[in-house]
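Data block below; observations after.
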Amino acid sequence: MENTEIARIFHEIAELLEMKGEDHFRIRSYRNAAMVIEGLTESLKTLYEKGEAGLDGIPGVGKGIRAKIAEMLTTGRCAVHDGLLKELPAGLFDVLKVGGIGPKKVMLLYKELGITSVDALRRAAESHAIHALPGMGEKTEENIIRAVESLKKVSARFNLAVGLSYAEGIKAHLQKTPGVARVEAAGSLRRWKDSIGDLDMLCIAHKPEDAIAAFAAYPGVKDVLSKGGTKSTVVLKTGLQVDLRVLKEDAFGAAMQYFTGSKAHNVALRDMAKRKGLKINEYGVFKEPGDRWDAGKTEEDVYRSVGLPWIPPELRENRGEIEAAAEGRLPAPLELCDIRGDLHVHTRESDGNATLAELSEAAQARGYEYIAITDHSRAVGVAHGLDEKRAMAQIEAIDAFNERLKASGRHFRLLKGAEVDIRADGTLDHADEVLSRLDCVVGAVHSGFNMTREAMTGRIIKGMESGWINVLAHPTGRLIGVREPYKVDMEAVMGAAKRHGTALELNSYPERLDLNDVHCRMARERGILVAVSTDSHSTAHLGNITFGIHNARRGWLEKNDVLNTRGLKELLRILKKTRQAGR
DNA sequence: GCCGTTTTCGGCCCGACTGTTTTCAGTCG
């Protein structure tokens, strides 16, 4: 079993225990362990196979949960999970997803009315069978009908680029409201998480009620879920939920810290504060009992109050950043100015829409020293992939172009490259005669996504073993919200990358962000270089590098961990060495 | 169920809003 599967089972145990009304802290332990497991950079299987001590020392995983992990790894089952599922029907998980229905109500509806599905819930609400139950009323029935309706339309999660554009729209709208001094997005968007479930907005306003009213009146709003004195929640027409909190200026830093999260980071931070006799909430830092500390204006104040330096939002996942901050070993965040070029760019020869000259100009305008032209190979027919003849012609064209650049005194170079398909049998989609003339070969999987895990892993490793691949592009093939990653053993792929000196791509396209944050961190720990590339199909796409940089930060990558922070000379040396080592 | 500068028991982050209640539970983030 893989980490994600084991984590899922712990999440389910937590939900089942919660419905049964078990101890809150025990439930939290399962949730916490699940989240910790999702952030691990080694598979539990590998750790377990190391022997007794392998699973020791994982924070939040004690004796009980360790035993369950061992049980799942050896038998593929978890008796506690199985037992709970015998007590409670699996349909209750769906009922729990209905907004406004929590574990207590799910259980009440199940016990009193036998409701085990969303459909049954809606029917019960429509036939007014619910309001007779204790704690339920007519309003509850109306809300259930509405929540079930929106459940159907809501798409799971939104990608970052979409989230950013909504946040900008709301920000512009609120800033037009008199008395609104400042509006910022917090939450997972500010942490640059690869996908967002909702938007958290903060605002400073003299009259909170005016800001709340303006928020509810935003033209994109479909439903107002709640509207209080300082807080409101709405659902946009697109299905995205947005929360707004209105605050006073002197609490803005504390609120930013609080609402940026993650929840796990905040719990750990507040626990730390508590041990120091302090209390942190969204209004500031307080010395018990109750009196105010001057630590609410900036986030730095909040962190300083518990003896920590400011922690970049991208790292706030309780994956060791608090300990690292305490010990002064936070990673130095990767910056845009560290990036010297882009190693994955398409032209109109395949499925891009820009010419060599246009891309060259756009890249120079960004201050780059190089970009690699990496059009598709022929296997990607829909993208008008290049066969050997066209590839050779492009090589000649790039050589000629570089000659002209040189003659004009520009310190910029186009690298000859290709995004060559790793075919289903692991062979490459260009002949050696073409590959040997390229500066930078990007290998990628674009078909046959439904292979078994073993077959896909073998296919990719065989591709790398050819010795031609400098960078493995979008290594898991995921498209956020559209397509799951293909099944692949990333530990094995990284093992091969390390042996062959292959870099792994962090594809900056907001729908991809592949490698993800945890995979980036895995690469760093294993000493594998990451290429932060854009996979641009137009000059505008070069700007997507921003998404890649923030995702790299989430993966703790520093300048030295990234291949394309190297200057041209050093880059070419590394690219050449990879080939020589591999062949 | 986890954890320890309060260490093997007794804690465990904190607050807003809603709908149902006559003082608060449930839900959410």
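Here is the naming used below: chain letters follow the sequence lines, and residue numbers restart at 1 for every chain.
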Kindly say if [X] contacts the phosphate of [N], meaning a side-chain N or O under 4.0 Å from OP1 or OP2.
X: A:N32; N: B:dC2; answer: no
X: A:Q241; N: B:dG29; answer: yes
X: A:S226; N: B:dA16; answer: no
X: A:K274; N: B:dC12; answer: yes
X: A:K263; N: B:dG29; answer: no
X: A:K276; N: B:dT5; answer: no

- [ ] Check A:K104, A:H24, A:R31 against A:E18 for a side chain to side chain donor-acceptor pair (under 3.5 Å) and give me the one that passes.
- [x] A:R31
Between [atom2] on [N] and [atom1] on [X], what's the gap in Å once rounded to a whole number?
X: A:E18; N: B:dG1; atom1: CD; atom2: C1'; answer: 15 Å
X: A:L202; N: B:dG29; atom1: CG; atom2: C1'; answer: 12 Å
X: A:M19; N: B:dG26; atom1: CE; atom2: P; answer: 15 Å
X: A:M107; N: B:dT27; atom1: CE; atom2: C1'; answer: 18 Å
X: A:M272; N: B:dT5; atom1: CE; atom2: P; answer: 12 Å
X: A:M136; N: B:dT21; atom1: CE; atom2: C1'; answer: 14 Å
X: A:D198; N: B:dC28; atom1: CG; atom2: P; answer: 12 Å
X: A:R66; N: B:dC3; atom1: CZ; atom2: C1'; answer: 13 Å

Between [Y] and [X], is there a salt bridge with N-O shorter than 4.0 Å?
X: A:K97; Y: A:D94; result: yes
X: A:E558; Y: A:R524; result: yes
X: A:K231; Y: A:D243; result: no

- [ ] Sticking with atom C1', work out how far B:dT23 lies from B:dG29, rounded to a whole angstrom.
- [x]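 Each nucleotide's C1' atom is 24 Å from the other's.
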TODO: Using the P atom on both, measure B:dT27 against B:dT20 and round to a whole Å.
DONE: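 Per the computed distance, 13 Å lies between those P atoms.
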As a test of reading the structure: which of [options] is closest to the side chain of [X], going by heavy atoms?
X: A:R28; options: B:dG1, B:dG26, B:dC12; value: B:dC12
X: A:I65; options: B:dT20, B:dG1, B:dT18; value: B:dG1
X: A:R26; options: B:dG1, B:dA16, B:dT27; value: B:dG1
X: A:K105; options: B:dT18, B:dG15, B:dT27; value: B:dT27
X: A:E282; options: B:dG15, B:dG19, B:dT27; value: B:dG15

Open item on the list: Is it the case that the side chain of A:R554 and the backbone of A:R191 share a donor-acceptor pair, with hydrogens and angles ignored and the cut-off at 3.5 Å?
Closed with: yes
TODO: Give a yes or no answer on whether the side chain of A:S232 reaches the backbone of A:S226 with a donor-acceptor pair at less than 3.5 Å.
DONE: yes
TODO: Kindly give the heavy-atom pair with the smallest separation between A:A34 and A:H11, and that separation in Å.
DONE: CB-NE2, 3.5 Å
Mind checking [X] for me? I need base, sugar-phosphate or nothing, with any heavy atom below 4.0 Å counting as a touch.
X: A:R275; result: nothing
X: A:I280; result: sugar-phosphate
X: A:Y258; result: base
X: A:G187; result: nothing
X: A:T230; result: sugar-phosphate
X: A:G261; result: nothing
X: A:I101; result: sugar-phosphate
X: A:P103; result: sugar-phosphate
X: A:E141; result: nothing
X: A:D243; result: sugar-phosphate
X: A:K68; result: sugar-phosphate
X: A:E22; result: nothing

Open item on the list: Can you classify the ring geometry of A:F547 versus A:W192 as parallel (below 30°), tilted (30 to 60°) or perpendicular (above 60°)?
Closed with: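 Plane angle over 60°, so perpendicular.
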Task: Partner nucleotide, any strand, of B:dC24 [Watson-Crick/G-U, under 3.5 Å] - done: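 Matched B:dC24 with B:dG19 under the 3.5 Å cut-off.
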Task: A:I58 vs A:G100, nearer the 5' end of DNA chain B by closest nucleotide - done: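 The 5'-side residue here is A:I58.
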Task: Most 5' of A:V61 and A:L225 on DNA chain B, judged by nearest nucleotide - done: A:V61
